[in-house]
Amino acid sequence: MDMGNNSMSIKPSVPNDGIISHVYGALLSKDFSNLEQVLHHNWAVLVPQAFNKEIVAEERQALQSQLIYNIELFLSQSSTPKEVFAKLKAGNAPDLFCGRAFRNGEPTYSCRDCAYDPTCVLCMQCFEKSAHKSHKYRINTSSGGGYCDCGDVDAWKAFPACSEHGKAAATDNQNPESRLPEGMVQRAEVLFQCILRYSYQVLSSALDADLPDSLVEKNVLATDSYCTMLLNDEIHTYEQVISRLIKAVGVTNKEAVDFATTVDREGRAPVFTGPKATCQKLSQEIQKKFNLNDSKILEAAVMHHSFVSHQDFAQLLLKWLEEIIDYSDGLRKIFCRVAMVPDEDVSDISLLEKILLADTSFWKAVRLQFHQLFMTGVFKDVESKTQFAILLTKHYIDLYRDFVRDDHYRTVSATAVTVQAKVLIEKHRLIEVILKTLLKESERWKNDKGILDFQSRRDSEAYAIFKRAQFVIHDLKYALGCTLNNPQWTPDLQSSFINGFTTFLELLTQIQGMDAAKRFTTHHIEYEMEWETAFTLQLKLTDIITLFIQHCRTSPEVLVSAYTAILRYMPKYTIYTNEITIAGHSANCCVFDVGGPEKCVSIHLPLHRLLAGLNHHLPPDVNYTSPQFAPMNCQLQLFNLLEEPLRIQVMLAQIYSEMWKRNGYSIQSQMYYYMYVKCRPEMYDRDIQLIQSVAAVMEPDSFLIHVIHKYTLTSIFQNSDSQFTTLSVKQTTEIVREMLQLLIIILGERYVEGVGKVTPQQIVQREIIHLLAISRSSHSDLDKNMPEDVNSETQLENYVREVADFTRDSTGKGMYTLMDECRALFNPCFYHYSKADQSKAEDSQKMFRKNSGLDGALPIPFTPQWTERYSSVSRLFTCDVMLHVIHTLLSNMVAKRSRIRSESHLEKVLHLITLALHEDKHEFAAGNKSLPFTNAAQRYKGSSLYSSERLGSRELSILDLLNECQNSEHVTHAPLKDLLGYVLKYFSEVASMGHECGGSIVTKKRSTENLDSAAQAAIDKQKALRAKKAAKSRSKIIEKMMKAQQKFMDGAADLFQTCNVESEGAKETTPMDCSDSLAEESKTPVALGPNKSAARPHLENYVCILCQDASTIDDDTTVVYSAFVQRSTVLSRNSSHRNTQEDTPTDVSVLLVPSELSHGVFTTTCGHAMHASCFKIYHDSVVARERRRAQRALFQYLNPAFDFDKGEFFCPLCESIANCVLPVLPCAGRKDSSQSPPVCAVNLSNWLKILTQLAQPDSAMSSLEDNCPIPDLAKVAADTVYTNLMELYDFLSSSANQ
């Protein structure tokens, strides 16, 4: 900013005031020991006048310029200070840093190729002059508070400075203070100290504090001139502030809007000036609560005019100081030294530290001015910037303690000021300091087990504090990102990092096991559990975990130390085990039923997942069981490592099988975010990697027994169906399918760095392929569904063109389409697919293959090789338990009787066999010619006891069973048959490889050379068999239809004969009896009349929305609908009754409605069914909850959605209002359907006679009640409306015959 154009520096022509003349002499004196006293005396007199709104604006501006001119006169010792400052700027050395402070809304530029993290940005001027202009860059809008990083070598991988600031690198090391005029250094030190001390003292004072004696002018203080100052907060809305100002102060709407805008921008605004008593009254009016439950009032303070004037002047001085130090790097150096030197009155506390610690006591405009002053002065000097970072770390905990209890945004907080943190981590343990700040705020949320618990405590104010405390995670990410740029592991850095890492483990220990859920089996959950907080915290910690792993992998010593620390913090459970035996192998398995009503499962396992991330980068000869980890009881840890992530996979399978429906939507939402692309990398993916790592070191048969036992499928794979699980067939079928899917994922998912021999490019391309396999997609949609790194980069644009074609549709929208040659890499069991995405992708692939003339087989593509650490996972393919599982499921498909049989099982088994054949090809290429799985599949014939129950006396191998499946009547899905043919052909291909090398291939029925022809013959035979079965089925259906027709005709003939006899015996044909003609002509059921048809009871299943159980209505089960009953006069013909509020008259007939329809009942229902017992539990909980409210009157004042006192409640599902329930009644027929209905004829005259009799209340009702008692009709739960109508009709008929 050019001060020459600023009116504050205009020199008055002649100082008329005697005090000003006296000040001139003191300021131009060589002795400035009493400078502060002189300035304070001058400011005490002139400041209240210079900022008095009652004075003319021109005069106020002149006085303010005079105040600024006085200090410029002292600093320059010249009557023309502008010329002196211009010379200083001309002789100034080029700046090494830009350091431009960004204003709100100003554009910033970040180079995606060269920036170490997204916070490293350039201003527009530096960006235009830099090499980053030709790179990939991102444009953002600043929210204020940041600064340009041009020239900072710690922020950029390359090209750290633009062409202008790059010149400063070649400058000499001359002290910039030596270029200042004689005596200016001493004057600047004294003046800067006076200004900073005065500004801090005035601006940080309490609202009701008094000015220091040196700034008090008795004449000014004696005036009764006060103002009501409205203060800003981030809680109340614009509308609330405007309405309150209009009501309390009496301003117009435009004035209120201006005040509200000023308060939001500056942080405060004077809304009224006048006597103290009036200002206090207005302040009290403003601070009244908007509602009784408001947590914070709209703050307003009463301040003396002189106090406000000095605060305004202090802001003016800070602005001048920011401008003046920008003239010279020498003045900037002096400012930094003065600000950081310990003050005289308090030891070890500098003025800069005082300002930082008082940050929350300033209003918004002052905070921003101080921050910009630091950026302009401190951050452009390397030494000062480092010293500032040290001071910030020293008071970090105190700064955040004040910040979390403040309500202003972080952009206007001192905690938002960022500095490069390498030296802070190494010398001042920054990581540990940051994490201890968060741990301190989390103490109040820990339960008795030391785990964070947000369920039992619903304190909104405390939650807001903890939410603000989580901003430290952003600082931690920034600090770790700075160190990762160029880590040089000195002993100090290594020690500091491990200490910080250990503190991080303490935080993860509090999250481990958070929000554990147990399965509800008897009733529906009453309240949805709170789960968002845990996932929000997990989402914020995702990048932190990744950065810690990236740090550890750069040093073997640090990696082992971190790995040891995690093992020390891993939870050690008391595990009770049972010995389980399957296929002749035994293992001790943990006794823990995931779906048990008393067992709790948590999906938050950050310690396990961090361990899985580090495990990839250990040396190949080091794992959990290495001797160096023996002191941490690693054998027990190995048992625990598999248990926890495996529980989550089992719970996921149970959710898919609808076993957790009574837990509400919260558990389903957690599982959705567990596999969500933003959380998935450090949650679901890490769990799979941990299971894979355990499978690599654990004995394979024991591993599979643990998996089978955890899925509660032990009985299925032990002996026979006689020992079956407690689950339903549908649930068991789904869980078996999910277990097979997990085995496919464990054995097939190798596109992870450290697990399979893949490159980062292959990993990204595979994600793109499977996203485009679902459907065509735009660039933005693809980028949104791609996993991101710590810098929010997906690398999509680098690799998408290699696997997809870009085209534009008719509207001009660009879309990516998967290349045809890349469709062969599609994996139908891709573990990042949801159920819906998997179905869409398979349909898309099948459609493509159909259009291309190919079959419907979708096999798993060829997999990459394992890394050395994970190569032993392949032992699972050939272990006895795996062969037994495959043999059992294939036997189910060909057996005549089996309770567990599904084509989905066969599909998963075929995928497992495909993976095994892939592995045989890998082994063959590596020199192992034995083809272990291919030979085992032809030799293994299953457990003799188990096989005999399904296959009889036949002993079939896995290969034999595959051939039998082709002829099985239970395999009907065409794509599955194609996949089966593909597997047999692939098996033949792999087997022939071993045969060519002289390997022995054992077959019983046919040799491998004849597998192709045999497969084709089996397919033809199966087609013929299906055609024969279809013809037989059609003949049975036709025969059944013919029998039904004959039976109907025989019955209709008897009906015709009966109707004719009754017609002849009738005395008179009446208009009311139309049932005869209907029966004769259409044979349809008759609802009314003497020839009414017998009712056919219809049993309908009703699913309770509370317990999710389906049931029919019987004597033991009652189903109800929630309903809302209210009075209605909509159909009233008498307008005088429509607006009356009187009760319904008591003389209204129960059976007959008045002709004028003056009173009626309107009933609505949402139609959601509930068991009466479930509803009673729900309604009792609502009643208890409403009665527990301590402030019922408060909620009534807020106009709640329903009135509890009137018996109103919400439907548990759709939340529609209700005040009663309607019973769902069964269909009622005649009590004795074998008896013929009585024959009666009611003509029109008899009908009118009956109605006339009913119109007489005394006689008609008494006669009616004799034949049809009113109390019986009132029992709605006992009789249906249909029954009532029948009884009424019987009465009318009997009356007519009398």
Side-chain angles (χ1 to χ4, degrees), residues 580-589 612 615-616 618 620-626 635 638-639 641-642 645-646 649 688-711 717 739-750 752 754-757 829 860 862-889 908-909 911-940 942 957-958 987 990 994 999:
I580 306 298
T581 302
I582 298 177
H585 295 269
S586 300
N588 292 322
C589 300
N615 188 70
H616 297 334
L618 286 173
D621 57 339
V622 179
N623 54 44
Y624 309 117
T625 59
S626 298
Q635 294 297 331
L638 179 61
F639 197 81
L641 289 178
L642 177 63
L646 194 55
Q649 306 310 310
I688 297 300
Q689 295 163 22
L690 184 59
I691 296 175
Q692 288 177 320
S693 63
V694 174
V697 298
M698 200 172 186
E699 199 275 325
D701 290 299
S702 298
F703 174 83
L704 287 177
I705 292 174
H706 277 85
V707 173
I708 294 172
H709 177 264
K710 192 53 57 185
Y711 276 91
F717 297 105
M739 187 197 73
L740 295 174
Q741 173 71 10
L742 177 63
L743 294 179
I744 293 172
I745 292 172
I746 294 172
L747 292 164
E749 290 299 334
R750 310 177 189 183
V752 178
V755 176
K757 295 180 179 180
C829 299
I860 292 180
F862 199 69
T863 55
Q865 290 183 327
W866 296 104
T867 58
E868 183 179 353
R869 168 175 296 280
Y870 288 88
S871 59
S872 55
V873 177
S874 298
R875 297 178 300 166
L876 294 174
F877 286 122
T878 54
C879 70
D880 292 340
V881 177
M882 176 65 81
L883 296 174
H884 177 71
V885 169
I886 294 176
H887 191 278
T888 300
L889 296 176
K908 298 299 180 184
V909 168
H911 288 318
L912 276 174
I913 295 175
T914 303
L915 287 172
L917 296 174
H918 289 338
E919 196 61 32
D920 275 0
K921 292 189 71 173
H922 279 307
E923 293 288 335
F924 188 86
N928 183 4
K929 310 298 182 181
S930 61
L931 301 178
F933 177 80
T934 305
N935 284 315
Q938 297 177 84
R939 292 193 182 98
Y940 187 81
S957 66
I958 293 177
F987 196 101
V990 177

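Keep in mind it's a predicted model, so treat the numbers as computed, not measured.
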Return the [atom1] to [atom2] distance between [X] and [Y], rounded to the nearest 0.5 Å.
{"X": "Asp920", "Y": "His918", "atom1": "CG", "atom2": "NE2", "value": "11.0 Å"}
{"X": "Phe933", "Y": "Ile913", "atom1": "CZ", "atom2": "CD1", "value": "5.0 Å"}
{"X": "Leu642", "Y": "Ser702", "atom1": "CG", "atom2": "OG", "value": "11.0 Å"}
{"X": "Ile958", "Y": "Leu889", "atom1": "CD1", "atom2": "CG", "value": "10.5 Å"}
{"X": "Thr914", "Y": "Ile744", "atom1": "OG1", "atom2": "CD1", "value": "9.0 Å"}
{"X": "Met882", "Y": "His887", "atom1": "CE", "atom2": "NE2", "value": "15.0 Å"}

N/O donor-acceptor pair under 3.5 Å between [X] side chain and [Y] backbone:
{"X": "His706", "Y": "Asn588", "value": "yes"}
{"X": "Ser872", "Y": "Ala696", "value": "yes"}
{"X": "Ser871", "Y": "Trp866", "value": "no"}
{"X": "Asp701", "Y": "Val881", "value": "yes"}
{"X": "Arg869", "Y": "Val622", "value": "yes"}
{"X": "Ser957", "Y": "Tyr940", "value": "no"}

Around atom CD of Glu699, are there more than 12 heavy atoms from other residues, nucleotides or ligands closer than 6.0 Å?
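Enclosed: over 12 neighbouring heavy atoms sit under 6.0 Å from CD of Glu699.
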Could you go through Ile745 and Glu749, starting from their C-alpha distance and side-chain angles, then the distance that decides it, and tell me whether this counts as side chain to side chain contact (heavy atoms under 4.5 Å, CB included)?
CA-CA 5 Å; Ile745 292 172; Glu749 290 299 334; 3.7 Å; yes
If you define the side chain from C-beta out and look only at heavy atoms, does anything of [X] sit under 4.5 Å from [Y]?
{"X": "His911", "Y": "Leu740", "value": "no"}
{"X": "Leu742", "Y": "Ile688", "value": "yes"}
{"X": "Gln741", "Y": "Cys829", "value": "yes"}
{"X": "Ser874", "Y": "Leu747", "value": "no"}
{"X": "Phe987", "Y": "Gln938", "value": "yes"}

Applying side chain to side chain contact (heavy atoms under 4.5 Å, CB included), run through Leu912 and Leu743 and close with a yes or a no.
CA-CA 8 Å; Leu912 276 174; Leu743 294 179; 4.2 Å; yes
What closest approach, in Å, do [X] and [Y] show between heavy atoms, and which atom pair accounts for it?
{"X": "His884", "Y": "Phe717", "result": "NE2-O, 2.8 Å"}
{"X": "Ala936", "Y": "Leu883", "result": "CB-CD1, 3.8 Å"}
{"X": "Ser586", "Y": "Thr581", "result": "OG-OG1, 2.7 Å"}
{"X": "Pro700", "Y": "Cys879", "result": "CB-CB, 3.9 Å"}

Single hit among His616, Lys757, Arg750, Gln692 for side-chain hydrogen bond (donor to acceptor under 3.5 Å, both in side chains) with Tyr870
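The option that passes is His616.
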List the steps, then state whether side chain to side chain contact (heavy atoms under 4.5 Å, CB included) holds for Leu704 with His585.
CA-CA 10 Å; Leu704 287 177; His585 295 269; over 6 Å; no
Under the criterion side chain to side chain contact (heavy atoms under 4.5 Å, CB included), which of Ile746, Val697, Val873 is the partner of Phe703?
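Single pass found, and it is Ile746.
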Do the ring planes of His922 and Phe862 sit parallel (below 30°), tilted (30 to 60°) or perpendicular (above 60°)?
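Judged by the thresholds at 30° and 60°, the geometry between His922 and Phe862 is tilted.
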Evaluate the criterion side chain to side chain contact (heavy atoms under 4.5 Å, CB included) for residue pair Leu917 and Phe877; output intermediate values, then yes/no.
CA-CA 9 Å; Leu917 296 174; Phe877 286 122; over 6 Å; no
